[in-house]
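First the proteins, then the strands, lettered A, B, ... as listed; each starts at 1. Remember, predicted model here, so these are calculated numbers, not experimental data. Excluded from the calculations below are hydrogen atoms, water molecules and symmetry mates; all remaining heavy atoms, backbone and side chain alike, are included.
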There are 2 protein chains.
Amino acid sequence: MLNDESTNPGGEQLRARIAWFYYVAGLTQQEISDRLGIARARVNKIAGQLRADGSVVVDIRLPLLSCIKLEEQLKQVFGLKSVAVVPSADDDEQQRRMIGDAAGALLDVLIQDGQCISVGWGRTLSASIKQMRTRQLKDGSVVSLMGGLTRGSETNAFEVSTELAKTLGADCYYVTAPIYCPSIESREILLTHSGVNEVMERARRSDVAIVSCGDLTPRTKLTTIYSVRERLPELKDIGAIGEILGTFLDAQGFAVDHPLNQSVIAMPPADLKAIPNSILISGGLYKAEIIRAILSAGYVNCLVTDEAVAERLVRLAGD
Amino acid sequence: MLNDESTNPGGEQLRARIAWFYYVAGLTQQEISDRLGIARARVNKIAGQLRADGSVVVDIRLPLLSCIKLEEQLKQVFGLKSVAVVPSADDDEQQRRMIGDAAGALLDVLIQDGQCISVGWGRTLSASIKQMRTRQLKDGSVVSLMGGLTRGSETNAFEVSTELAKTLGADCYYVTAPIYCPSIESREILLTHSGVNEVMERARRSDVAIVSCGDLTPRTKLTTIYSVRERLPELKDIGAIGEILGTFLDAQGFAVDHPLNQSVIAMPPADLKAIPNSILISGGLYKAEIIRAILSAGYVNCLVTDEAVAERLVRLAGD
DNA sequence: GTTAATAAAATACAAAAGTATTAAACTAGA
DNA sequence: TCTAGTTTAATACTTTTGTATTTTATTAAC
């Protein structure tokens, strides 16, 4: 019936129509496929994608008292400006979706016209950015906080920065370098050339920094890089418990003395302290340690995490 | 596990947790019932309610080109300030859900601190208000535009105003009278007494008016009232095609000369013209006629409707 | 024009959601 | 303490959803 205009243009109009019918009107997938004259399997696939890619966003308008309480406690204990706590899930991807949902909402209000937003990378940040509302930031810019992976993926530095810039309608500056250099010397060469230093300087002057962190288990993306994985035992030996911006930290939040930390191409964590709004977005109980280290060191002033982590952070704070 | 605190308090915390797990994390209802230690059927029921009562709101972030085009055309043709067009559905309830979704979003940005919001009633308005975000309006007030039904229902004047006032965190003023008086004389008595006049005067000075409209078929709530239903033939005979604020209009948008129009307790449609923002929220092709009449008369300056109606309005405008 | 590659439709089936019914637990009032 | 009324759990069953497989169009390159 409405096929000429609705099903064809780029598939985008079809997606929009399915979004309305399925998520707002509540039609069954069968009804939608009948009306639009396409296979039900296709409706099913698209309906799934819409949620995953952030085209359909859900907003929970019921406060969870236990989470609100933890938010207040964390603000107090670590002197944070803003904290969001979401329920815990035992599956990592589910957890990322919930944290991303809350982080997206937080960033929506935090980011203003004329600001420069610096951003790390990882699956959690990728999920958060997908939940943000698209807008046209006046004089906004996005700048990468760290080098990327050679091998492309959705969660790579370039993709995450690009996605964020697109969402905000802002220009994007990339750290065109690998996250770890093969040697300390090659790092020097890269920094002095190729404009990497200029971009890092720009990141240092950003208004909002969005970062995640990793522990030393294979659950963290960074540890899947070969050059990191093979040195995990060394790192653990000298007291490292995780990383932020590719820099490995000990339990007090200090960078450990290790070649990897000397060869990393990223803003040093300590420089985050100079940025007005620095948000750590990270959840999962196995990351509680490194999150605690980062908060103790005062690298960030905003936090988005899950209930179980928040509980442990509050409990350990008594020590 | 988390039962003490999460399942008990008023059921509200349980609802919040289900909302997160089901709509954000994407757990199955079985997984949620296991984790929370309650029956799956209960999770199923609550998950359904959450959508229906506006605790979980979905936001479609894909523009429908055909609808945007119609919005622009309608603005032009009828000189409207703001128009929202959503896809059409053949089921009335689905249609109301979609229109309510769009209307809620429009009202969210339109309503400001310090404003007085006047509101009619009906199923469409009820659905719209449920989609609005709850907030604490500074010095805001809500006032009813018309009398209610004796028999209570979710879509009655008192319920709709109350709900809106609660959502906005505002005071509420009711028109404590039936929508139609048994006689013209009793109307006079009611108006001069019982503060109804004062409330109507307040409505006249409101900043935003939210209204719906009805046609003369049984699909419209108003026509199910006995006193209206039995006089439908008369109304049709003298050219009435529908109503706004309980006042029956002809195709040009003028109030018809009929006892019902003399006994109605509501603000006259013409007074809407003096209100800075007046929003007509109504969809369904069978209402196209009356919507057209209202727009032609210039009673409102904002419109939320569906695609099929919008198309017809634009097409008929050529005549 | 033929062919490989891709996308969509058709089909079938297992998992999950929705719904009704009955049994059990709980609550408020006598 | 009992009883009527209400809420929740347990169960069974139907519809809808998610997914894999095969077949049929469509497209692009040769």
*Asks:* For Q49(A) and dA7(C), give me the distance from atom CD to atom P, rounded to whole Å.
*Replies:* 12 Å
*Asks:* Would you please say whether a donor-acceptor pair under 3.5 Å links the side chains of R96(B) and S212(B)?
*Replies:* no
*Asks:* Between dT17(D), dG18(C), dA9(C), spot the one nearest the side chain of R40(B), thanks.
*Replies:* dG18(C)
*Asks:* Between dT17(D), dA17(C), dA8(C), which one does the side chain of T28(B) approach most closely?
*Replies:* dA17(C)
*Asks:* Over how many whole Å does the gap from I18(B) atom CD1 to dT8(D) atom P extend?
*Replies:* 11 Å
*Asks:* Check whether any side-chain N or O of Q29(A) sits under 4.0 Å from OP1 or OP2 of dG18(D), and answer yes or no.
*Replies:* yes
*Asks:* Looking at dT8(D), dA8(C), dT11(C), which one has an atom nearest to any side-chain atom of R42(B)?
*Replies:* dT8(D)
*Asks:* Please give, in whole Å, the distance from dT8(D) C1' to I46(B) CD1?
*Replies:* 10 Å
*Asks:* Within the structure, does a side-chain N or O atom of N44(B) lie under 4.0 Å from either OP1 or OP2 of dA17(C)?
*Replies:* no
*Asks:* Examine the side chains of S33(A) and R42(A) and answer whether a donor and an acceptor come within less than 3.5 Å of each other.
*Replies:* no
*Asks:* If you measure only the distance, is there a donor-acceptor pair under 3.5 Å linking the side chains of T220(A) and Y286(A)?
*Replies:* no
*Asks:* Rounded off to whole Å, could you give me the CD-to-P distance for the Q30(B) and dG18(C) pair?
*Replies:* 13 Å
*Asks:* State the CD1-CE distance between I111(B) and M132(B), to the nearest 0.5 angstrom.
*Replies:* 3.5 Å
*Asks:* For the pair made of CZ in R51(A) and P in dT17(D), what is the distance, rounded to whole Å?
*Replies:* 14 Å
*Asks:* Taking side-chain contact (heavy atoms from CB on, under 4.5 Å) as the criterion, tell me which of Q94(B), E307(B), M98(B) meets it with S88(B).
*Replies:* E307(B)
*Asks:* Check the distance between dA9(D)'s C1' and L36(B)'s CG and give it to me in whole angstrom.
*Replies:* 15 Å
*Asks:* Nearest-Å distance, CG (D34(A)) to C1' (dT16(D))?
*Replies:* 13 Å
*Asks:* Give the rounded distance in Å between these two atoms: CZ of F21(B) and P of dA16(C).
*Replies:* 17 Å
*Asks:* Looking at dG18(D), dT11(D), dA8(C), which one has an atom nearest to any side-chain atom of Y22(A)?
*Replies:* dG18(D)
*Asks:* Could you check A41(A) against K45(B) and say which one's nearest nucleotide on DNA chain D is further toward the 5' end?
*Replies:* K45(B)
